[in-house]
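For reference, the structure discussed in these notes is given below.
Every chain is numbered from 1 and lettered A, B, ... according to where its sequence line falls, protein lines coming before strand lines.
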Number of protein chains: 2
Amino acid sequence: MAGDQDHALLLVEDDAKLAALLDRLFTGEGYTVDVARDGQSGLHHALTSRYAVMIIDRGLPAIEGVDLVRKVRSRGVATPILVLTARGTTEDRVEGLDAGAEDYVVKPFEIDELLARVRALLRRHTDTSARLDLGERYLDVTARRVVGGAAAPIELSGRENELLQLFAAHPTQVFTRDELRRLVFQDADSPGAVDTYVYYLRRKLGRDVIRTVHGLGYRMGSA
Amino acid sequence: MAGDQDHALLLVEDDAKLAALLDRLFTGEGYTVDVARDGQSGLHHALTSRYAVMIIDRGLPAIEGVDLVRKVRSRGVATPILVLTARGTTEDRVEGLDAGAEDYVVKPFEIDELLARVRALLRRHTDTSARLDLGERYLDVTARRVVGGAAAPIELSGRENELLQLFAAHPTQVFTRDELRRLVFQDADSPGAVDTYVYYLRRKLGRDVIRTVHGLGYRMGSA
DNA sequence: GAGTGCTCTGAGGTTCCTCTGAGATTCGCG
DNA sequence: CGCGAATCTCAGAGGAACCTCAGAGCACTC
C-alpha cells in the first residue's frame, strides 16, 4: 500500500514487462507505485487505498479495463483515471471516457506523453481540491498560504503549512504533542519544536487559530 | 520566419504532400506561410513568431495536435487556431474546441471551404496582439516586451518572455523548478537556468514580479 | 571574422527554515 | 495564596535553499 497520497499511483497492467517498465518510470519520477496484475486485484486496491492517479490497461484478465473503471466510479471514487489501450478507434475512446476515465493513451505511446498526461491529471485535480476551511479564511495547501478576509494573504513555511493542514483537516480533534511530532516532524526527537511551530502559527494568524488543551495538547481554534 | 504579421500563417502538418499543397494554396492567396512538420517545432514557431492564424493537424508526431493547441494557449497566445482532423465525432470536436481552438475542419475537406473558414477567422479576429496582465503593466507576448506604467517599455529575451508568459498565464499557481525546466527550458539538464532567469526577470521588472516559495518553487507576484 | 546578444553554468555569498534551549509566564491544585 | 508543572516566548546555531553575477559557449549579424 502506498503511503504518500499526493504522489501515490495505482497501475493496473497484466503485461509483466510493461508493468515493470512503468513502475520503474514513475518511481523514478517520485511517485509511489502500487501495481495490480488483474482487474479483481486492481478493484480491491482502488477501493481500499487512496491514490492521486490510476492508470488502467483495457485488456485485462478477470475484469475488463473499462468495466473496472465503471465499477470504481460506481463506488464513488473520484480519483482521475487514465486508460491505456491498444485500439485507438473513436468508439473505443468514447467508451472509455463514458465509463468515467479522464484521459486515454493509445499503445504504443511515448513515455514523455504518458508522463505529461499524468502530470496534467494531477494538476487539474489538485488545483481544485487543495483548500481547507479555516472559518473566515482558508488554507491553500499547494500554494502554502492562508487567503481570505480583508487582509493580505499570509505565507507559511513548509512546516507551518503541514501543521496547520493537520489541524484544519480535523477541526474537532485534540492532538497530543507526541502525535503531532510523529505526524508532522519526522525526527522523533524534537520535543520543543511542536510548541515553537504552534507559536509561529499563532503569531502569524492570531492567538485563536490553535487552542491549548492544558495537560493534553492542542486543537483547532474554530469549532 | 514570416515577416508580414498580418498575413502570416503557421501550418503544422506532418503529411508532406498535404503540407506542400496547402503551402502552395495559401501562398497563392497572398499569405506568408511557415510550415512545421511536427508538434515540437510547431510549438516553437507558435511561441516565437507572430501569426494571423494557425492551422494545426491533429495527428502529429512529438506532440499531438490538441496538446499543441493546449500548450500554445497556456502560454497566453491568442492567435486564432483551426484544427484539421480525420475524425469527425462530437467527442473529438469538443475536445479540440475545449483546448482552445477556434474552428475545426474534418478531412477530407473542400479547398474552398478551408479558405473560407480561414478568412472568417481573420475577419473575426483582427486584434491578434496577445497581452497578459501583469498588474500595473502588461506583457506583450508577441513583441516580447513589458509595457505600461510610467516607465519606458522593457525588452525581454526569448527565454525571459517564455518564462514570464507561463507565470502570467497562471497567476496563482506555484511552479516547481522541475516543471519550469520542462515547460520552458526544453533541455532536460539545465538545473540552474531557472534560477538565473527568475533573477533576470526580477532585475528587469522588480523583485516582486515573481515570488519564491521556499522549498517548492516560484509563483507570480500579484494575486 | 569581429562584434553583439542570448543562454546556461558554476561558485560564492546571502537569506530563510528548522529546531534547540533557556528564561518568563500561566495553569491546576492543595 | 503558593508551589510545581506545563506552556509560552524568543534569540540563535546549523544547514539547506536560494540569489547574484561573472564568464564560457553559441548563434546570428554586418
Here's a test of your reading of the structure: between A/Tyr199 and A/Val213, which maps to the more 5' nucleotide of DNA chain D?
A/Val213

Phosphate OP1/OP2 of D/dT7 contacted by A/Arg177 side-chain N/O (<4.0 Å)
yes

Which residues satisfy the side-chain hydrogen bond (donor to acceptor under 3.5 Å, both in side chains) test with A/Asn161, sequence neighbours excluded?
none

Please state whether the phosphate of D/dC19, meaning OP1 or OP2, lies under 4.0 angstrom from any side-chain nitrogen or oxygen of B/Tyr218.
yes

Hits for ring-ring contact (aromatic ring centres under 6.0 Å, His included) against A/Phe26, two or more places apart or cross-chain, chain-then-number order -> A/Tyr31

Set of side-chain hydrogen bond (donor to acceptor under 3.5 Å, both in side chains) partners for B/Asp14, sequence neighbours left out
none

I'd like to check the side chain to side chain contact (heavy atoms under 4.5 Å, CB included) partners of B/Arg37; sequence neighbours left out, ordered by chain and number.
B/Ala16, B/Ala19, B/Val35

Those residues that, when tested against B/Asp208, pass salt bridge (charged side-chain N to carboxylate O under 4.0 Å, His left out) (two or more places apart):
none

Report the residue (A/Ser157 or B/Ala193) whose heavy-atom-nearest nucleotide on DNA chain C is the more 5′ of the two.
B/Ala193

Respond yes when some side-chain nitrogen or oxygen of A/Arg159 is under 4.0 Å from OP1 or OP2 of C/dC19, and no when none is.
yes

Distances for protein N/O vs nucleotides 23-27 of chain D N/O pairs under 3.5 angstrom?
none

Taking side-chain hydrogen bond (donor to acceptor under 3.5 Å, both in side chains) as the definition, give me every residue that meets it alongside B/Tyr200, ordered by chain and number, with sequence neighbours left out.
none

By side chain to side chain contact (heavy atoms under 4.5 Å, CB included), A/Asp133 pairs with (sequence neighbours left out) none

Candidates B/Asp67, B/Val12, B/Ile81 - the one meeting side-chain contact (heavy atoms from CB on, under 4.5 Å) with B/Val72
B/Ile81

Secondary-structure stems, DNA chain D, at least 3 Watson-Crick or G-U base pairs under 3.5 Å
C:1-30 with D:1-30

Side chain to side chain contact (heavy atoms under 4.5 Å, CB included) involving B/Arg202 - partner list, sequence neighbours excluded:
B/Val198, B/Val209, B/Ile210, B/Thr212, B/Tyr218

Who are the side chain to side chain contact (heavy atoms under 4.5 Å, CB included) partners of A/Ser157, not counting sequence neighbours?
A/Arg159, A/Glu160, A/Tyr197

When every nucleotide of nucleotides 21-28 of chain C is labelled 5' to 3' by its protein contacts under 4.0 Å (heavy atoms), B for base, S for sugar-phosphate only, - for none, what sequence of letters results?
B-----SS

